[in-house]
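Have a look at the structure below, then the notes.
The chains referred to below are lettered A, B, ... by the order of the sequence lines, with proteins before strands, and numbering in each begins at 1.
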Amino acid sequence: MPELPEVETVRRGLEPAMVGARLSAIEQRRPDLRFPFPERFAERLTGRRVEALSRRAKYLVAELDSDDALIMHLGMSGRFRVERDGEAAQLGEFHHEHGRESAHDHVVFRLTNGATVTYNDTRRFGFMDLVPRAGLAGCRHFAGMGLEPLGNALSGETIARLFAGKRTPLKAALLDQRLIAGLGNIYVCEALFRASLDPRAPAGSLADAAGGPTGQAELLAGVIRDVLVEAIDAGGSTLRDHAQTDGSLGYFQHAFRVYDREGEPCPVCAAPVRRIVQSGRSTFYCETCQA
DNA sequence: AAGCGAACCTGGCTGC
DNA sequence: TGCAGCCAGGTTCGCT
């Protein structure tokens, strides 16, 4: 479930269960996810207090009262589940019509406050790593990462500077985490629709001859911020969920204007939403409005 | 160098 | 009912 709004939603759900508590026991049920777990993973976590839980782009960062920070990425299908006092609370679209899915529970964190946090990841594209707290920004995962789209750094000017001279399609440039970090397929499609921009247009078209921002660049910066904020407020997007809704599920998917709406009428002009493939990923857009 | 496609892995859905 | 094929919120690698 994981673009920036979903990861931020998970962070907010985990924070009260984890921050300030100590990790009393760690169950690591397999040697790897997308990558091998770091050396002595469970030992380095056990007994540590979680001092802060933050987010950078699509990554979660738990700072420990040691020299380590625990970095977690959810990949495509990673979820966390929090249980307390025997009464389960769900984070993300987790449950299954036949009860709790556990075959893909890969890591269980038990905390001194009575909470149990379980990481489940069907496809195992997620990963966890331990990096030195000092120099987090320069660690292998964050060095070279682009700017935070919700930070003050995102503006028409920065978009123009990052995209100037690029002939790659706008869609691909917005997905490039080295430029802007945190957007994924859904929110790129939604932002391009809101800005009435053609996903196939060259990224460089958002910069003027001097490398300055066009009006389109200014507009795009604004709608990226809007769509992310709205999605976070809605608790993110929950896809492919076959269980009953219980309030912990995101509902931004109902607000999609084009994503996953191939053939449905464009909410502005009623022309059918198109699906094309760009660098191997589906792009949903309105041929009429986004020209 | 940039820009594709494929790969990683599992499961759900569609269509024959 | 079975089965093949396609698709999925991400990232990384390797080949033009």
Let me know the distance between CE of A/Met72 and P of C/dT11, rounded to the nearest Å.
16 Å
Take atom CG of A/Leu33 and atom P of B/dT10, then tell me their distance rounded to the nearest Å.
12 Å
Can you tell me the pairing partner of C/dC3 across any strand shown, Watson-Crick or G-U wobble, with both distances under 3.5 angstrom?
B/dG15
Name the residue from A/Leu4, A/Leu174, A/Val188 that meets the side chain to side chain contact (heavy atoms under 4.5 Å, CB included) definition with A/Ile180.
A/Leu174
Of the nucleotides C/dT12, C/dA8, C/dG10, which one has an atom closest to the side chain of A/His73?
C/dG10
Given A/Arg56, which partner from the list A/Glu8, A/Glu63, A/Glu148 fulfils the salt bridge (Lys or Arg N to Asp or Glu O under 4.0 Å) test?
A/Glu148
Contact under 4.0 Å: A/Arg281 side-chain N or O vs C/dC7 OP1/OP2
no
Between atom CZ in A/Phe80 and atom C1' in C/dG9, what is the gap in whole Å?
16 Å
Need the pair for B/dC9. Rule: Watson-Crick or G-U wobble, both distances under 3.5 Å, any strand; none if unpaired.
none
From CE of A/Met145 over to C1' of C/dT12, roughly how many Å is that when rounded to an integer?
13 Å
From OH of A/Tyr259 across to P of C/dC7 the rounded distance in Å is 12 Å
I need the CG-C1' distance between A/Leu175 and C/dT12, as an integer number of Å.
15 Å
Are A/Phe35 and A/Tyr59 joined in one hydrophobic group, where the rule is that I, L, V, M, F, W and Y side chains link up if heavy atoms are under 4.5 Å apart?
yes
Base C/dT11 to side chain A/Arg34, donor-acceptor N/O within 3.5 Å cut-off
yes
At less than 4.0 Å, is any side-chain N or O atom of A/Ser282 found next to OP1 or OP2 of C/dC7? Yes or no.
no
Would you measure the distance from the P atom in B/dC9 across to the matching atom in C/dC3 and give it in whole Å?
24 Å
Hey, does the side chain of A/Tyr59 come within less than 4.0 Å of C/dG10's phosphate (OP1/OP2), counting only N and O?
no
Quick check: closest heavy atoms across A/Lys58 and A/Val7, and the distance to 0.1 Å?
O-CG2, 3.6 Å
Strictly by modelled atom types, are A/Asp121 and A/Ser77 linked by a side-chain donor-acceptor pair under 3.5 Å?
yes
Using only side-chain N and O atoms of A/Arg275, determine if any of them is under 4.0 Å from OP1 or OP2 of C/dC7.
yes
Rounded to whole Å, please give me the gap between CZ in A/Arg200 and P in B/dC4.
14 Å
Please report the distance separating the P of C/dG5 from the corresponding atom of B/dA7, rounded so that it comes out in whole Å.
15 Å
Would you indicate, yes or no, if C/dT11 has its OP1 or OP2 atom less than 4.0 angstrom from a side-chain nitrogen or oxygen of A/His141?
no
If you measure from the ring centre of A/Phe125 to the centre of the six-membered ring in the base of B/dC8, is it under 5.5 Å, with the planes under 30° apart?
yes
Check the phosphate of B/dG3 against A/Ser279, side-chain N and O only, distance under 4.0 Å to OP1 or OP2. Yes or no?
no
Where the side chain of A/Thr122 is concerned, which of B/dG11, C/dT11, C/dG9 is the nearest nucleotide?
B/dG11
Side-chain N or O of A/Arg124 closer than 4.0 Å to phosphate OP1/OP2 of B/dT10:
yes
From CZ of A/Arg140 over to C1' of C/dT11, roughly how many Å is that when rounded to an integer?
15 Å
When you compare C/dT11 with B/dA1, how far apart are their P atoms, in angstrom units rounded to a whole number?
23 Å
C/dG10, OP1 or OP2 - any side-chain N/O from A/Arg123 closer than 4.0 Å?
no
Identified side chain to side chain contact (heavy atoms under 4.5 Å, CB included) partner of A/Pro38 from the options A/Ile71, A/Val131, A/Leu130, A/Asp68:
A/Leu130
On the nucleotide C/dG10, are OP1 or OP2 found under 4.0 Å from the side-chain N or O atoms that A/Lys58 carries?
yes
